[in-house]
Amino acid sequence: MKIKVLYFARLKEAVNYSTEDIDLPSDIKTVTALKNYLSKRGEIWANLFNGKQVVRAAINHVLVDDLAAIHAGDEIAFFPPVTGG
Amino acid sequence: MKIKVLYFARLKEAVNYSTEDIDLPSDIKTVTALKNYLSKRGEIWANLFNGKQVVRAAINHVLVDDLAAIHAGDEIAFFPPVTGG
Amino acid sequence: MTVRVQTEDFDIGCELASMRLAQPSIGALVSFVGQVRDINGGDAINTLTLEHYPEMTQKALEAIALDAKTRWDVIDTLIIHRVGMLKPLDQIVLVAVTSAHRGEAFKACEFIMDYLKTSAPFWKKEASNQGERWVEAKVSDDEAKRRWDK
Amino acid sequence: MTVRVQTEDFDIGCELASMRLAQPSIGALVSFVGQVRDINGGDAINTLTLEHYPEMTQKALEAIALDAKTRWDVIDTLIIHRVGMLKPLDQIVLVAVTSAHRGEAFKACEFIMDYLKTSAPFWKKEASNQGERWVEAKVSDDEAKRRWDK
């Protein structure tokens with residue numbers, strides 16, 4: 001299942017790039033599962049998603065919670081709590 | 001006891017002037033007493049203060065209720081509920 | 001704390017710029033502009049004339065601004081209110097409040113408007129093709145003011 | 001309903017004039033301006049850089065404005081938010097709401113700000129003499145948003 005993943009702010013600086021295309025195993029079906037999947041890549045990723053700092057997610061430009069389902073072709077963005085205004 | 005009385009808006013139009021100096025009998029000690037005293041002047045005055053339309057009062061530029069005491073030299077204003085803004 | 005009662009129009013852009021640029025600790029500027037509506041109670045309005053009680057107006061508005069300053073952590077307040085004859089789309093009143101953070105400025109600005117509507121000695125007279133009439137005070141304005149008593 | 005996300009500054013006076021003059025049924029215009037403060041947490045700020053998620057920002061702000069329009073009887077809404085590098089006293093955001101009467105405009109304007117602060121994908125990075133740091137989200141902003149759930 002092909003998806004696009006985007007990173008913003010602190011997360012973008014940590015991974016050192018802003019976007020990547022990923023071909024997910026078919027058993028990765030939620031935001032939580034995706035976070036766990038990415039965490040296995042190594043220390044940088046594990047630190048991002050270990051829950052010490054809140055990471056918000058959006059699917060196709062809409063804020064979602066971690067139980068939200070992922071579908072092929074989705075654009076999934078990870079970022080810290082927003083601080084505009 | 002000498003006082004100054006001012007009228008605004010609908011009340012000014014009813015009495016057809018905006019200000020007058022009055023030498024009050026010494027037993028007129030409150031706004032209510034002043035309203036009753038003025039009402040005895042005739043129909044225009046009786047109609048103004050008969051309670052059918054709310055009349056607000058200020059003493060020396062501060063909104064007061066009808067129990068407020070009147071003192072010599074006071075400037076007492078009568079007007080409808082305000083409608084600025 | 002500035003209060004101005006005037007017949008002339010005012011320039012919102014200039015007024016708000018000088019409010020917000022006054023201090024670099026200002027993070028929020030909330031403002032209210034009231035203008036003459038073309039219709040009230042079904043009648044098309046030609047003019048709206050504002051009478052006031054000059055010796056009391058300035059004092060009453062300053063007292064309201066001071067009250068707001070004691071209730072919330074605001075940096076500055078501005079109240080400009082016009083008097084005399086106005087027409088639809090003319091500006092009537094500008095209230096602006098600056099503060100470090102937005103919550104205080106929103107509350108103080110709305111508080112000033114609610115008190116101004118019920119405590120400042122202004123009276124509006126409308127002229128339509130049906131003639132002239134004094135605008136009636138609204139019960140909803142008294143209710144809006146009472147919210148702040150809690 | 002207008003939403004603009006831009007690097008350029010904006011002219012409050014022009015924006016508010018075109019909002020209020022759009023319709024003679026408008027009686028009230030409430031606006032909020034947010035600007036860069038010179039100090040945050042004790043450090044003097046040199047610059048504030050706003051990053052955002054372009055494909056999402058416009059949609060998120062439009063959704064917030066639409067939500068406000070369904071909750072209150074407002075005539076129009078305007079949201080302008082800047083991105084890129086700013087310095088103290090620079091304007092960050094303008095939210096303006098017009099309505100027939102003031103209560104609706106005050107509520108809708110504050111609602112939009114509370115939702116913008118917690119739902120629109122902007123992130124601030126401050127540069128001071130102590131270096132750069134990402135601004136932390138405030139618990140008080142989440143609380144401000146939750147007030148509207150009641």
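Heavy-atom basis, side chains included; hydrogens, waters and symmetry copies ignored.
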Should we count CD of C/Q130 as having more than 12 external heavy atoms under 6.0 Å? yes

Taking CE in C/M85 as the centre, count heavy atoms belonging to other residues, nucleotides or ligands within less than 6.0 Å. Is the count above 12? no

Heavy-atom donor-acceptor pair, [X] side chain to [Y] backbone, under 3.5 Å:
X: B/T83; Y: C/E136; value: no
X: C/W123; Y: B/F8; value: no
X: B/H61; Y: C/A60; value: no

Under 4.0 Å between a side-chain nitrogen and a carboxylate oxygen: does that hold for B/E13 and C/K125? yes

Select, from C/D141, C/D142, C/T118, the one with the greatest count of heavy-atom pairs under 4.5 Å involving chain B. C/T118

Note: vs chain B, highest number of non-hydrogen pairs under 4.5 angstrom among C/H52, C/H81, C/M113, C/R82 is C/H81

Side chain proximity check, C/S119 to B/L63, heavy atoms < 4.5 angstrom: yes

Residue pair C/A137 / B/V82: nearest heavy atoms and the distance that separates them: CB-O, 3.9 Å

Tell me, side chain or backbone of B/A9 under 4.5 Å from chain C's heavy atoms, or both, or neither? both

For [X], is it the side chain, the backbone, both or neither that has a heavy atom under 4.5 Å from a heavy atom of chain B?
X: C/T57; result: neither
X: C/K59; result: side chain
X: C/E51; result: side chain

